[in-house]
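Below is one structure, written out as structure tokens; comments come after it.
As the structure lists them, so they are numbered: ligands from 1, and atoms in each ligand from 1. These figures come from a predicted structure and were not determined experimentally. What you see below is based on every heavy atom in this structure, not just the backbone, and it leaves out hydrogens, waters and symmetry mates.
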Amino acid sequence: SGPQNTQAAAATPAVAAAPAAAPMAASQPAQQGMRNVVVLATGGTIAGAGASAMNSATYSAAKVPVDKLLAGLPELSKVAQVRGEQVFQIASESFTNDNLLVLAKRVSALVKQADVDGVVVTHGTDTLAETAYFLSLTVHTNKPIVVVGSMRPGTALSADGALNLLNAVSVAAAKDAEGKGVVVTMNDEIQTARDVNKDVNIKTNAFQSQWGPLGMVVEGKNYWFRAPVKRHTMQSEFNIDNISSLPAVEVVYSYGNVPRTAIDAFVGTGAKAIVHAGTGNGSVADRIVPALQEARSKGVQVIRSARVPYGFVLRNAEQPDDKYDWVVAHDLRPEKARLLAALALTKTNDPKEIQRIFWEY
Ligand SMILES: NC(=O)CC[C@H](N)C(=O)O
């Protein structure tokens, strides 16, 4: 009787225990009254493929088209009516400002549609947090926007992409996710775009926020514990519909014996702002201070951030920011400070106003 039971269980997974009156999604593409979610695919490991199931780290990213990703996950039909669009098929370390603009404009157009309740963006994990933050700063909507990736390709043992994607669609389809801004669903956690970063490579707990996740998503339900307080989406003063290019903002990294070469080079190529990824509290080497002062005297904004992952940079601690007319990046990582500085520069060239923006977003 053992094999028979196994067969019966396989034919009707989980459904057998449900009340007979409730028709399950397995027999139909999606249930009536389900919320509509659009999945915008951009590439990354979540669309990756390896030579064998052993390949968890050696594989090609950005291979599997979105329709195949969705077709491979029939459970999606239990949480939403889902359709996919292939926006790009790239590894996220190769994302450009143009990619960001194209993607954000597409998200903005979709959330204006009455037949779209939420949007999911699949993305390589390397710059996923940057894109998520950019969307949270520029797309005006209350509808959920969820950015998701995976650490292992779908071909690998213990691949994490399928559950991450199911969780992303669950959040994007949920009324309780409205107004919470752009979020990232990795490793069952719901993280706010502003605070989350890829802090770990190789491992599936890659995405962390020093201020903690907003909640968790488990078996298609969201469990919220906090909400973001910084300005985002509907409360943002930036709107992707009015932005057609981003000013050049570059990052220079600090370390012992660092020369001023990179700063001078970026000023030479016309950078409008330089984000200094400083040591410790955002400290600046004595031979670098004059280089940044010269940059500032030429009209280039100086944003003082830290290469340290946690904590934050205080104004006028380590360096006299008021005297030098510099801006501090608060707790934003240098790469996220780059995006906020670029958006700020579309509105103002006043460092006091840019600093106000850095406190508020
Ligand atoms: N886990 C990943 O998605 C990394 C793959 C690739 N480097 C990317 O960011 O697209």
To the nearest 0.1 Å, how far is [atom] from its closest protein heavy atom, and which atom is that?
atom                    : value
atom 4 (C) of ligand 1  : Thr45 OG1, 3.2 Å
atom 1 (N) of ligand 1  : Thr125 OG1, 2.7 Å
atom 10 (O) of ligand 1 : Ser92 N, 2.7 Å

Among Val79, Leu214, Asp176, Val146, side chain to side chain contact (heavy atoms under 4.5 Å, CB included) partner for Val171:
Val146
Side chain to side chain contact (heavy atoms under 4.5 Å, CB included) with Trp326: which of Gln301, Arg315, Gln293?
Gln293
Using a strict cut-off of 4.0 Å, indicate which atoms of ligand 1 neighbour a heavy atom of [X].
X     : result
Gly44 : 10 (O)
Ala91 : 10 (O)
Glu93 : 6 (C), 7 (N), 8 (C), 9 (O), 10 (O)

Any N or O of Asp126 closer than 3.5 Å to N or O of ligand 1
yes
Hey, does the Lys NZ or Arg CZ of Arg333 hover above the aromatic six-ring of Tyr310, less than 6.0 Å from the centre and inside 45° of the axis?
yes
Is the shortest side-chain N to carboxylate O distance from Glu85 to Arg106 below 4.0 Å?
yes
Classify the side-chain pair Asn316/Asp322 by whether it contains a donor and acceptor separated by less than 3.5 Å.
yes
Check whether any side-chain heavy atom of Val284 lies under 4.5 Å from a side-chain heavy atom of Glu318, and answer yes or no.
no
Answer yes or no for Ser150: is there a heavy-atom contact with ligand 1 below 4.0 Å?
yes
